[in-house]
Structures are given as structure tokens and as C-alpha cells.
Amino acid sequence: MPVEYIPRTRELYRDYAPYRWVVNTDTPPWTPLTRPISQCRVALISSGGILYRDQPRFHREDATYREIPKDAVQADLDVWHFGYRTADARADHNCVFPLARMRELEADGTIGELADPAYSFMGGIYSARKVRDELAPRLADELKRRRIDAFYLVPA
Amino acid sequence: MVEAAGIPTLCMTSALDITRAVNPPRAVFVNFPLGHQTGKPHQPDLQRQIVRDALRAFETIRQPGTIVELPYVWDPQDRTWEETDYTGNFLPPRPEKEDADRIEAERRARFAEIK
């Protein structure tokens, strides 16, 4: 049975003001894929708090993202996030940031191209407004500028 | 937001109730503990298969708000993680600022030499 995380989150953060969940009841926005995924330039993002080399860590309520070069390897990456158990992600970033797997899927033709860079942010942001009004628009501009065909999001 | 800006998006999830509430355009569910949305550590074949299955949903999902559920099982012998994930002392301790600064300084020093 799928775990119900909303009540568990309420319990874990019971010392904080009750969290107002984002609930969207309208039909989601929709942009159809214009070509097969095997011909798309695909960008990867993880909310797992991934850092590349000497990049600054994420702070509380940090709505910035980091650019991770697509050729980054395990030794280049660190994890800075306190909203999930990060031991496995630190041991192998591909649990929440499947960069090496995406490179393989680029090589075998599953996707047309893995976009450079990939992206990460620290998903433990209490303010949905900050995500909606700061992080998301900046990312949308960045992805448009880089002519991304498909955006693959992995939470943590 | 990105979808509305004209770029198709697809979101992995291991939290079906949250994803149903947020209602993103395309989602792919894997029933694994949080922090493992694209697989177990050091199992590249499993990770690659999950990511490949997920990317396929870019083409198969035609209805906005669809959640594709993948059949992967974390451990067929043991489902107790479902009782304990994200409960009790789940959250890692947040380091004090001095400790965080020290950890960051060490990381930056490590890479400063090879830049």
C-alpha cells in the first residue's frame, strides 16, 4: 500500500504552524511533446539538494538552484538537505539525481540529448509562494533559453 | 509553471497522496522509501530501468494529471519500511551553523586545488 505522507509530514513537523498543502483541483497545464523523446533535449533536475564541488550549500528557505555539469561524477557531488535521509543519496547520487543513468540513456538513444547542465535545488522549502514566484519562473526562463524539449523532475 | 511556459514536464514521485494533491501534468510513481525515487544505491541496472520506464511516460501519458504507477517493489520479503518511513526520528539532525561552515570550508578546500 502506498504510504500516506501528508499525515506523516504533519506529525513530523507538529511543532511548526500547520502546513497548507498545495492542492490543485484544476486540470494541470499541458504542453504536448513535439517529437519522440528519442529526439528530445532532456533536462534533469533533482530537489535532493545536490551540490557540485565548491558550490555554496543551501540555506533554510533557499529558493535558488545549482547548475551541475552533465559530466559530473560521484566524487564531484555532495548532498545538503535535512528533509530526508541522505545517506544513500550521498553514497550514490543516482538514487535521487540519476545523472549517470541519463548519460547512458543518451548514449543508447533513449533520449536525444541530455542537456548540459543538469540542475538541483533543496526541496525542503516551507513557502510554496517562494517556489511558485521565485524558483519556478527562474527555472522556466533558464530552460527556455537553453531550448529544452522535456524537463524530468526527481524529488527526494 | 514550466509546463505553462511551453516545456513538457514529468515528475517522479514516491508520495502518491502528495502528488494527487499537487496534480502535476505527468507523474510516475515508484513505491520506494523517500530518497530513492530512481532506485537503490549501487544498482545501476535497476536505476536505469526505472528512469527508462519513467521517460517512456513522456510519450504514453496523453491526459493531463495522469500518474503512471511502476510495478517495482522495494523488498518483496519485507514491507515494514512502509510503516516507518518518514516517522519518529526520521529527519536527520540539522548541523549548527559553525559545523555547517566547517563542512563547507572543507569541501571547498578539497576542490580548490584541482580547479
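By convention in this document, chain letters (A, B, ...) are assigned in the order of the sequence lines, proteins followed by strands, and residues within each chain are numbered from 1. These numbers come from a predicted model, not from an experiment.
- Two residues are said to be in side-chain contact when any heavy atoms from C-beta on lie closer than 4.5 Å; A:L105 and B:R48 meet this criterion.
- Side-chain atoms of A:N24 come within 3.5 Å of backbone N or O of B:V22 as a donor-acceptor pair.
- For a residue to count as touching a neighbouring chain, one of its non-hydrogen atoms must lie under 4.5 Å from one of that chain's; by this rule B:T19 does not touch chain A.
- Here A:L12 is the residue among A:L12, A:V22, A:V154 with the most heavy-atom pairs under 4.5 Å with chain B.
- Both the backbone and the side chain of A:T9 have a heavy atom closer than 4.5 Å to some heavy atom of chain B.
- Contact of B:N31 with chain A is made through the side chain alone, with heavy-atom distances under 4.5 Å.
- For the pair B:R107 and A:W80, the cation does not sit on the ring face, since its NZ or CZ is not both under 6.0 Å from the ring centre and inside 45° of the axis.
- Contact annotation for B:Q37: both backbone and side-chain heavy atoms come within less than 4.5 Å of a heavy atom of chain A.
- Both the backbone and the side chain of A:E4 come within less than 4.5 Å of a heavy atom in chain B.
- Both the backbone and the side chain of B:I61 come within contact range of chain A, with heavy atoms under 4.5 Å apart.
- A donor-acceptor pair under 3.5 Å is formed between the side chain of B:R108 and the backbone N or O of A:D54.
- Atom CD of B:E82 and atom CE of A:M1 lie 8.5 Å apart (nearest 0.5 Å).
- Heavy atoms of B:E69 lying under 4.5 Å from chain A are absent altogether.
- Ranked by heavy-atom pairs under 4.5 Å with chain B, the list A:P56, A:P32, A:G48 is led by A:P56.
- Using a 4.0 Å cut-off between a side-chain N of Lys or Arg and a carboxylate O of Asp or Glu, B:R110 and A:D76 do not qualify as a salt bridge.
- Residues B:P44 and A:R101 have side chains in contact (heavy-atom distance under 4.5 Å, counting atoms from C-beta outward).
- Neither the backbone nor the side chain of B:D45 comes within less than 4.5 Å of any heavy atom in chain A.
- Heavy-atom distances place the side chain of A:W21, and not its backbone, under 4.5 Å from chain B.
- Ring geometry, A:Y13 versus B:Y86: the interplanar angle falls from 30° to 60°, so the pair is classed tilted.
- Closest heavy-atom contact between A:Y152 and B:M12: OH-SD, 3.1 Å.
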Give the intermediate values and the outcome of side chain to side chain contact (heavy atoms under 4.5 Å, CB included) for residues B:L16 and A:Y5.
-> CA-CA 8 Å; B:L16 211 46; A:Y5 284 102; over 6 Å; no

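- With respect to chain B, the highest number of heavy-atom pairs below 4.5 Å among A:V96, A:T86, A:T25, A:L139 belongs to A:V96.
- Within the 3.5 Å criterion, the main-chain N or O of A:I37 finds a donor-acceptor partner in the side chain of B:E59.
- Remark: side-chain polar atoms of A:D92 are paired, donor with acceptor, to backbone N or O of B:H42 under 3.5 angstrom.
- With a 4.5 Å cut-off on side-chain heavy atoms, A:F151 and B:P8 do not count as touching.
- Using a 3.5 Å distance cut-off with no hydrogens or angles, the side chains of B:R52 and A:T110 do pair a donor with an acceptor.
- A 4.5 Å side-chain heavy-atom check between B:I7 and A:D149 finds every atom pair outside the cut-off.
- Contact of the B:L91 side chain with the A:F82 side chain is not registered, since no non-hydrogen atoms from C-beta on lie closer than 4.5 Å.
- Interface residue B:R62: only backbone heavy atoms are found under 4.5 Å from chain A.
- A:T27 places no side-chain N or O within 3.5 Å of a backbone atom of B:P64 that could act as its donor or acceptor partner.
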